[in-house]
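Keep in mind that what you see is a predicted model, and the values were worked out from it rather than measured. Reminder, nothing fancy here: chain letters follow the sequence lines and each chain counts from 1.
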There are 2 protein chains.
Amino acid sequence: MDTTTSGPGDEGPADTPGGVEKMPTIRDVAKLAGVATSTVSRALSNPARVNRYTRERIVEAAAQLNYVPSSQAQGLSNGRTNAVAVLVPDITNPFYFDIIRGAQHQLKAAGYTQVLVDTEESSEMELEALHRMRSADGFILAASRLTDAQLAEVSKTQPLVTINRASTPSVVIDTPSAIVQALEHLASLGHRRVCYVSGPATSWSSQKRWEVLDEESSLRGMETCRIGPYAPKTTSGAAAADAATRTGATACIVFNDLLAIGMLQRLRERGIRVPEDVSIVGCDDIFGADFCNPPLTTIASPIEQAGRVAVTMLLSQLNPVPGATIRQRAVMPTHLTIRASTGPAPDNVHG
Amino acid sequence: MDTTTSGPGDEGPADTPGGVEKMPTIRDVAKLAGVATSTVSRALSNPARVNRYTRERIVEAAAQLNYVPSSQAQGLSNGRTNAVAVLVPDITNPFYFDIIRGAQHQLKAAGYTQVLVDTEESSEMELEALHRMRSADGFILAASRLTDAQLAEVSKTQPLVTINRASTPSVVIDTPSAIVQALEHLASLGHRRVCYVSGPATSWSSQKRWEVLDEESSLRGMETCRIGPYAPKTTSGAAAADAATRTGATACIVFNDLLAIGMLQRLRERGIRVPEDVSIVGCDDIFGADFCNPPLTTIASPIEQAGRVAVTMLLSQLNPVPGATIRQRAVMPTHLTIRASTGPAPDNVHG
DNA sequence: CAATTTTTGGCAACAGCTTGCCACCTTCTC
DNA sequence: GAGAAGGTGGCAAGCTGTTGCCAAAAATTG
């Protein structure tokens, strides 16, 4: 906008070669506006506290100097950093991407900055980050690998909200209810024996999914079996696919899409047709689920929204509104998205 | 580890309900170790400066109190935040994913934290972030939407490194050389007329790719045409596909995989076979390029590595080693990965 | 017009850490 | 044994904002 610096009154050593120009401080603004620093501080953060005309003068001076308050210093004196850390087990996984995206979006809207941390599927790293990171006002734990006890412990001293974890506060994606839908879908296609391909042993959601699946399928007179655990990566899909074919199941419900897509690739390699020979249901509806081959029937979750809601919950915890109560739990709805990886059960039953 | 707090000498208001316990400061450590705060500071950051035994006492005291220095305060006094901001035009895009991942990895290794900013394809937001973010020591600009002039201006006052941009310092992915490979590949398959499907108008790399493509193809006696610009999203693929079919080209080289995958979907819908009727070459080899239908022939780039190198360059700029010179430019090699989306040109030429 | 209340803005003490400078204490040297 | 040299550690002044408290100024009231 204003390139005032190019004026003739070239005051100070402008353009320090290779150096960064010194940023203006609140004191510079105060001097220019002819007031005390405290007045500047108040004018900017608590406008009602200072006379209108003085304030205008200050604002103008600040604009002229291109003044931006140092969040570091602000944080120092008022104890908050205006940053929140988002911990994910594996940035590689597109599932977390959507969470990151949702969180980022909401945080930005609230004037917070997002600090991203990859805990590499390790509970130690997670714990470490939780303790070390004094530079965050709060934490979002996406698919924490911590035990319930650790989680409870940490949440005593750190504001946090989890995603897909039975703790408080937390936002959980209601996959179980969609598992039922998936089961109905498979049942109506004539499948009687379905295999659950499970995710990491420490994954709370993988556990939950299996429980619901097992229970609901017996209600419907269907048989189940379980294989795994597998790492939630496409590369684990090959092993999962091979194991799955040996279970005699005509359909698989897979912990997540990544794994499911990996299985799809392997099955194709082995000449096993999907869905003619076996049906596959994924979970999460991640990027790619719609254009893989065949397109994946999957349990769609509003992942990005989950990220957003998590942030909202965290922020309401950080800045409590006197009247309102803090929401402790949000459940995100899910639904089955049927694509081409599921089809009628092969009728070799009477063969 | 140590649950010392449960001891009988319950000093202080432990377990403030809902509150966060006060973190120990350098003074607490100093008191416990019986030294001055300055000594503690030095013991931790400049070990050589303090007697070994004193240091051990201090370290132990710090451990006992579970002391972690406040990076805020550190930053305030020494002027650095130990954070770097990574600006991407669109977190949605898997391409940036890999960059983020690479950067995150390298930053963590160096003890820095990563602040992620989505500039939403807007140069204003980019500029704004560059000016506002006093909380970062430096910036990584992935696919900046700024003009060369703006970039030059900003880099005078902020340490930064760009990715895929002709500025310094910068890491560029050598797509042009792989464009040649792609062209050879297509030529050997009998294609004579290829269409370039271009990305955003402000994208430097899209521009570069076209220039190389145009030049090299005429050297080989091939015809080219160009359509676009298109937003680099799968959803833009439909329009791109439709436009491409009208150019009479038998092969398309597409700005990036996202767009290419979108085209694949659209072509399939319209019953146009890939690669029988038209060949498609993407760019970036993002997540999904290997399992879409058909798997995409694409120009593979070491994107994650680019993120890492960018960080390395930035850090060497932030912490110059007296002897070494700072690398101003890194070129990442690329290669063509041939999958199933390219095949022999349809021989309707003499039809 | 004096007394009281409300505004407004300044002083100075923090917040937690770093660092230049100086003083003290050992060692060492002649 | 006195003086020099070097190693340690403390003092205090920063770094940039925020905020409780108070005084001066302005507005209100009787």
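- Residue A/K108 qualifies as enclosed at atom NZ: its count of foreign heavy atoms under 6.0 Å is above 12.
- Rounded to an integer number of Å, the gap from B/R52 CZ to D/dG9 P is 14 Å.
- Within 4.0 Å of A/S70, counting heavy atoms only, lie sugar-phosphate atoms of the nucleic acid but no base atom.
- When rounded to the nearest whole Å, the span between CG of B/L76 and P of C/dA15 equals 14 Å.
- Between D/dG17 and B/R134, a contact under 4.0 Å exists linking OP1 or OP2 to a side-chain N or O.
- In this structure, B/R80 reaches neither bases nor backbone, as no heavy-atom distance under 4.0 Å exists between it and the strands shown.
- The nearest whole Å value for the distance from the CG atom in B/N51 to the P atom in D/dG6 is 18 Å.
- Atom CD in A/Q74 sits roughly 18 Å away from atom P in C/dA15 (whole-Å rounding).
- The side chain of A/R49 sits closest to C/dT8 out of C/dT8, C/dT19, C/dG16.
- One atom, CG of A/N82, and another, P of D/dT16, lie 19 Å apart when rounded to the nearest Å.
- Under the 3.5 Å distance criterion, the side-chain polar atoms of A/R134 are left unmatched by any main-chain donor or acceptor of B/Q72.
- Among the heavy atoms of the strands, none lies under 4.0 Å from B/Y53.
- Between B/R27 atom CZ and D/dG10 atom P the separation is 14 Å, expressed in whole Å.
- A donor N or O paired with an acceptor N or O is not found under 3.5 Å between the base of D/dG7 and the side-chain atoms of B/R42.
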Decide side-chain contact (heavy atoms from CB on, under 4.5 Å) for B/V311 and B/Y112; before the verdict, give the C-alpha distance in whole Å, the side-chain angles of both, and the deciding distance to 0.1 Å.
-> CA-CA 10 Å; B/V311 166; B/Y112 276 72; over 6 Å; no
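- Nucleotide D/dG17 holds its P atom 6 Å from the CD1 atom of A/I26, rounded to whole Å.
- Annotation for B/Q328: atom CD counts as buried by contact number, over 12 foreign heavy atoms lying within 6.0 Å.
- As a whole-Å value, the separation of B/L44 CG from C/dT18 C1' is 12 Å.
- Counting heavy atoms from C-beta outward, B/R80 and B/L318 have side chains that approach closer than 4.5 Å.
- In this structure, of C/dC17, D/dT19, C/dT19, it is D/dT19 that holds the atom nearest to the side chain of A/S38.
- As judged by a 4.0 angstrom heavy-atom cut-off over every strand, A/V68 is placed among residues touching the sugar-phosphate backbone only.
- B/S41 comes within 4.0 angstrom of a base, heavy atoms only.
- Contacts of B/T54 with the nucleic acid, taken as non-hydrogen atoms under 4.0 Å apart, involve only primed sugar atoms and P, OP1 or OP2.
- Projected onto DNA chain C by closest heavy-atom contact, B/T37 and A/V50 fall at different nucleotides, the more 5' of which corresponds to A/V50.
- Nearest nucleotide to the B/T25 side chain, out of C/dG16, C/dG9, D/dG17: C/dG16.
- Note that CG of B/N66 and CE of B/M23 are 7.0 Å apart. Values are rounded to the nearest 0.5 Å.
- Closest approach to the A/T39 side chain among C/dG9, D/dG17, C/dC17 is made by C/dG9 (side chain taken as heavy atoms from C-beta onward).
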